[in-house]
Protein chains: 2
Amino acid sequence: MKDPESLVLDENCIPRRVLEIFCVKWTSMVLHAIHLHGGCCRTGVLQRTLPGISKKMLTQTLREMERDGMIARKVYPVVPPMVEYSLTPLGQLFIEPIEMLYAWGEEHADALKKITRRRKASASKRNLDGKADAKTQK
Amino acid sequence: MKDPESLVLDENCIPRRVLEIFCVKWTSMVLHAIHLHGGCCRTGVLQRTLPGISKKMLTQTLREMERDGMIARKVYPVVPPMVEYSLTPLGQLFIEPIEMLYAWGEEHADALKKITRRRKASASKRNLDGKADAKTQK
DNA sequence: CAGGATCCCGGAGGATACTG
DNA sequence: CAGTATCCTCCGGGATCCTG
């Protein structure tokens, strides 16, 4: 505090690394979803649990998480194909903080709503402002 | 668990909203940085505390956070200009979960390292693999 | 020093079609 | 059903220059 300049949060600091893991793509949501499904579930189920995620993004996210060692992929040699993803011990490590964060969100849903509302307000305002020329009119 | 199909985490569920706030741009890091600086600090200090962030991104993030009501902007009418950003009560609400998350990261630094290592490994492997034709050779 | 305005590029990620 | 391969668009965000 005496020397603000000595406080540096560089690329390798813990906070940034944590964010790189929790905030990349759908990682957190996928972990959460698998957890809610009892620690193991199929691709299709995941996709329906996370409406809005595209097949491509889901596959990509799952691949990366597998590589990271957070989930395990098990293929059953049946037809039609069946693939199950489950949390590894490493993956389970992340459940606690994630659930903590979401629990905090539940408790403070009012604060979250407030922010959402402000964002929407400023978004619609932006439409009334200067955009009535280039794009909107088309 | 009986009916996996009934488990849906749509756009408005708490987890997604939480992530939208914590994982957008540099928001979390800025909150963290201001907090470490005692709840209030100047633009330049922030930029030096967060090496790698561009002026543009910093300003943009600060604007959005101000709009969200998480931080307050105070301009001192001096020359050269001096601007201070401080946490609002709403902003302080976020400090607790953020610090919690980062504290968890400190405790599990080994797990984070493991993941980082795997990512680097697969990244360098990707360079040896199929990329020796189109881009690499140039 | 704080921060607006411009230009511009790379790549994230959706849509679609195909395979086993 | 699970996954790959292509194509194509859009915008996030850096670099640069300019203001008060």
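All of these numbers come straight from a predicted model, not from anything done at the bench. Just so we're on the same page: letters track the sequence lines, and every chain starts at 1.
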Check: Of all the choices, C:dA2, D:dT4, D:dG14, which nucleotide is nearest to the side chain of B:Met57 once you look at every atom?
Finding: D:dG14
Next item on the list: Please determine, for the side chain of B:Lys56, which listed nucleotide (D:dA2, C:dG3, D:dA15) has the closest atom?
Entry: D:dA15
Next item on the list: Apply side-chain contact (heavy atoms from CB on, under 4.5 Å) to B:Thr49 and B:Leu36, showing your working.
Entry: CA-CA 10 Å; B:Thr49 303; B:Leu36 290 184; over 6 Å; no
On the nucleotide [N], are OP1 or OP2 found under 4.0 Å from the side-chain N or O atoms that [X] carries?
{"X": "B:Ser54", "N": "D:dG14", "result": "yes"}
{"X": "A:Thr59", "N": "D:dA2", "result": "no"}
{"X": "B:Arg73", "N": "C:dG3", "result": "yes"}
{"X": "B:Arg42", "N": "C:dA2", "result": "yes"}

Notebook entry, point to check: Is the closest basic N to carboxylate O distance between A:Glu20 and B:Arg119 below 4.0 Å?
Noted result: no
Notebook entry, point to check: Would a 4.5 Å heavy-atom cut-off, applied to side chains only, mark B:Cys13 and A:Met29 as touching?
Noted result: yes
Separation of [N] [atom2] from [X] [atom1] (nearest whole Å):
{"X": "B:Tyr85", "N": "C:dA2", "atom1": "OH", "atom2": "C1'", "value": "7 Å"}
{"X": "A:Lys74", "N": "D:dG3", "atom1": "NZ", "atom2": "P", "value": "15 Å"}
{"X": "B:Leu58", "N": "C:dC1", "atom1": "CG", "atom2": "C1'", "value": "13 Å"}
{"X": "B:Leu62", "N": "C:dG4", "atom1": "CG", "atom2": "P", "value": "10 Å"}
{"X": "B:Glu64", "N": "C:dG3", "atom1": "CD", "atom2": "P", "value": "14 Å"}
{"X": "B:Leu46", "N": "C:dG3", "atom1": "CG", "atom2": "C1'", "value": "14 Å"}
{"X": "A:Gln47", "N": "D:dA2", "atom1": "CD", "atom2": "C1'", "value": "10 Å"}
{"X": "B:Ile53", "N": "D:dG14", "atom1": "CD1", "atom2": "P", "value": "8 Å"}

Notebook entry, point to check: Base, sugar-phosphate alone, or nothing: which one does B:Lys25 contact when heavy atoms must sit under 4.0 Å apart?
Noted result: sugar-phosphate
Margin query: So B:Tyr76, base contact, sugar-phosphate only, or nothing? Heavy-atom distance under 4.0 Å.
Written below: nothing
Note to self: I'd like to know if the side chain of B:His35 pairs up with that of B:Gln92 as donor and acceptor (distance under 3.5 Å, no hydrogens or angles considered).
What the structure shows: no
Next item on the list: May I ask you to decide if A:Lys113's main-chain N or O and A:Asp110's side chain share a donor-acceptor pair within less than 3.5 Å?
Entry: no
Next item on the list: Map B:Thr43 and A:Trp26 onto DNA chain C by nearest heavy atom, then report which one ends up closer to the 5' terminus.
Entry: B:Thr43
